[in-house]
Amino acid sequence: MANDPMASVQHVTTGEALKTLGLVHRVRIPPGPGPHPTLIMIHGLDGNEDVTWIFARSAAPDWLILSPRAPVPTPGGFSWYQASPLSFSAGLESLERFIDGALRTYPIDPERVVLLGFSQGTVMSFAYTLRASPPHPIAGVAALCGFIANLTTLTIAPLGGLPVLMLHGTQDERVPIAWARAARDRLGVAGAALTYEESETGHKVSATGMRTLASWLQKRLQNGIPHPPTPSP
């Protein structure tokens, strides 16, 4: 586990990488030529590209780590969307451009891309992963203190064992625990490989949850995108 998650972290605010990815971001690239397993950390409402780096402490130094800044300025920071479907779609398009650009710009192993979202970042992680049919080829989603948008009307394609970690506080004052449980149940029906953990805390990840996250991420280092078995001839 990295002792200093901000060591060797680049802040990309200008240049070709910004033009290609479309969002200000931070990136940590491990030594060696790659391609590297990649963790994309997506912040929540009023956050920025720095706030998610506390979760990088749970990630081994083998990970290439990216954290984009959401496109919509707010009084407290930045947001992925405001309260309208058009804003949500625009935020999702920004995230899709960012990930597509990252795959072309950085030495990323496309078979080992994991999304980690906190709060609104979890909403965006699920939206990116689930709204494509079939779902986007992601090696896992760590969903922290968030939910799935429009769950009652959303059609979720079969997930084929997609690893999903959900951590949520039973006392969460911003995202009710019932929303997390509803998402858990739908993902299970759709065939996700779920790790689900509740803690007696509010809108944050507990110390136990951070240890669970570290263990789950370590497993993702060894396992890429789940593929269905090839039928026997």
Side-chain angles (χ1 to χ4, degrees), residues 11-14 17-27 38-55 65-106 108 113-157 159 162 164-168 172 174-176 179-180 182-183 186-187 203 205:
H11 197 199
V12 179
T13 60
T14 60
L18 178 64
K19 292 178 183 178
T20 302
L21 279 68
L23 296 172
V24 169
H25 58 280
R26 287 195 180 272
V27 57
T38 298
L39 180 65
I40 301 176
M41 304 188 302
I42 305 170
H43 69 75
L45 177 65
D46 293 333
N48 58 31
E49 66 275 22
D50 296 330
V51 297
T52 50
W53 283 88
I54 187 172
F55 302 118
I65 300 181
L66 284 157
S67 60
R69 178 194 293 176
V72 182
T74 65
F78 297 87
S79 170
W80 291 97
Y81 59 88
Q82 296 173 321
S84 79
L86 285 177
S87 178
F88 188 91
S89 295
L92 182 55
E93 288 175 5
S94 293
L95 181 60
E96 289 173 335
R97 176 184 172 185
F98 180 85
I99 294 175
D100 290 347
L103 289 167
R104 300 195 304 271
T105 302
Y106 296 114
I108 291 171
V113 176
V114 171
L115 304 185
L116 180 153
F118 179 80
S119 192
Q120 192 186 76
T122 287
V123 178
M124 299 310 295
S125 297
F126 278 140
Y128 176 86
T129 303
L130 302 178
R131 287 177 182 271
S133 183
H136 279 290
I138 292 297
V141 178
L144 315 179
C145 307
F147 61 98
I148 298 176
N150 302 316
L151 184 60
T152 57
T153 58
L154 180 64
T155 298
I156 300 177
L159 296 177
L162 172 72
V164 176
L165 169 67
M166 296 187 68
L167 303 176
H168 212 95
D172 193 322
R174 296 187 184 181
V175 181
W179 295 9
R186 283 288 303 280
L187 291 168
H203 194 62
V205 178

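Note on residues 144-157: no pairs pass salt bridge (charged side-chain N to carboxylate O under 4.0 Å, His left out), not counting sequence neighbours. Judged as a salt bridge (charged side-chain N to carboxylate O under 4.0 Å, His left out), the pairs with a partner in residues 66-77 (not counting sequence neighbours) are, in order, E49-R69. The salt bridge (charged side-chain N to carboxylate O under 4.0 Å, His left out) contacts involving residues 118-129 comprise nothing, where partners must be two or more places apart or lie in separate chains.
With sequence neighbours left out, the side chain to side chain contact (heavy atoms under 4.5 Å, CB included) criterion links A70 to H43, F78, W80. Under the side chain to side chain contact (heavy atoms under 4.5 Å, CB included) criterion, V27 pairs with Q10, V12, H25, I29, L64, L66, Y106, sequence neighbours left out. Looking at residues two or more places apart in sequence or on another chain, you find no side-chain hydrogen bond (donor to acceptor under 3.5 Å, both in side chains) involving T52. Among residues two or more places apart in sequence or in another chain, the side-chain hydrogen bond (donor to acceptor under 3.5 Å, both in side chains) test is passed with S79 by Q120. Residues that satisfy the side chain to side chain contact (heavy atoms under 4.5 Å, CB included) test with D46, not counting sequence neighbours, are T74. Partners of S119 according to the side-chain hydrogen bond (donor to acceptor under 3.5 Å, both in side chains) rule, which considers only residues two or more places apart in sequence or in another chain, are H203.
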Please list, one pair per line, the donor and acceptor atoms closer than 3.5 Å that link side chains of residues 137-156 to other protein atoms, with sequence neighbours excluded.
from : atom 1 : to   : atom 2 : distance (Å)
T153 : OG1    : N150 : O      : 3.3

Run the side-chain donor-acceptor check on residues 83-93: report pairs under 3.5 Å with partners two or more places apart or on a different chain.
from : atom 1 : to  : atom 2 : distance (Å)
S84  : OG     : S87 : N      : 3.1
S87  : OG     : Q82 : N      : 2.7
S89  : OG     : P85 : O      : 3.2

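Summarising the geometry, atom CG belonging to L165 is positioned 4.0 Å from atom CG belonging to L167; distances are rounded to the nearest 0.5 Å. Note that the OH atom of Y128 and the CD atom of E96 stand 6.5 Å from one another [nearest 0.5 Å]. For the atom pair CD1 (I99) and CD1 (I42), the distance works out to 5.5 Å, reported to the nearest 0.5 Å.
Counting only heavy atoms from C-beta outward, the side chains of V51 and F118 never approach each other to under 4.5 Å. Looking only at side-chain heavy atoms (C-beta outward), P68 and I40 come within less than 4.5 Å of each other. Looking at heavy atoms from C-beta onward, T13 lies out of side-chain contact with L18 at the 4.5 angstrom threshold. Residues R97 and L23 have side chains not in contact (no heavy-atom distance under 4.5 Å, counting atoms from C-beta outward).
With hydrogens and angles disregarded, no donor-acceptor distance shorter than 3.5 Å links the side chain of D100 to the backbone of L103.
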How far apart are the C-alpha atoms of H11 and V24, what are their side-chain angles, what is the distance that settles it, and do they pass the side-chain contact (heavy atoms from CB on, under 4.5 Å) test?
CA-CA 8 Å; H11 197 199; V24 169; 3.9 Å; yes

Just do the side-chain contact (heavy atoms from CB on, under 4.5 Å) check on M166 and L187 with the steps written out, would you?
CA-CA 11 Å; M166 296 187 68; L187 291 168; 3.9 Å; yes

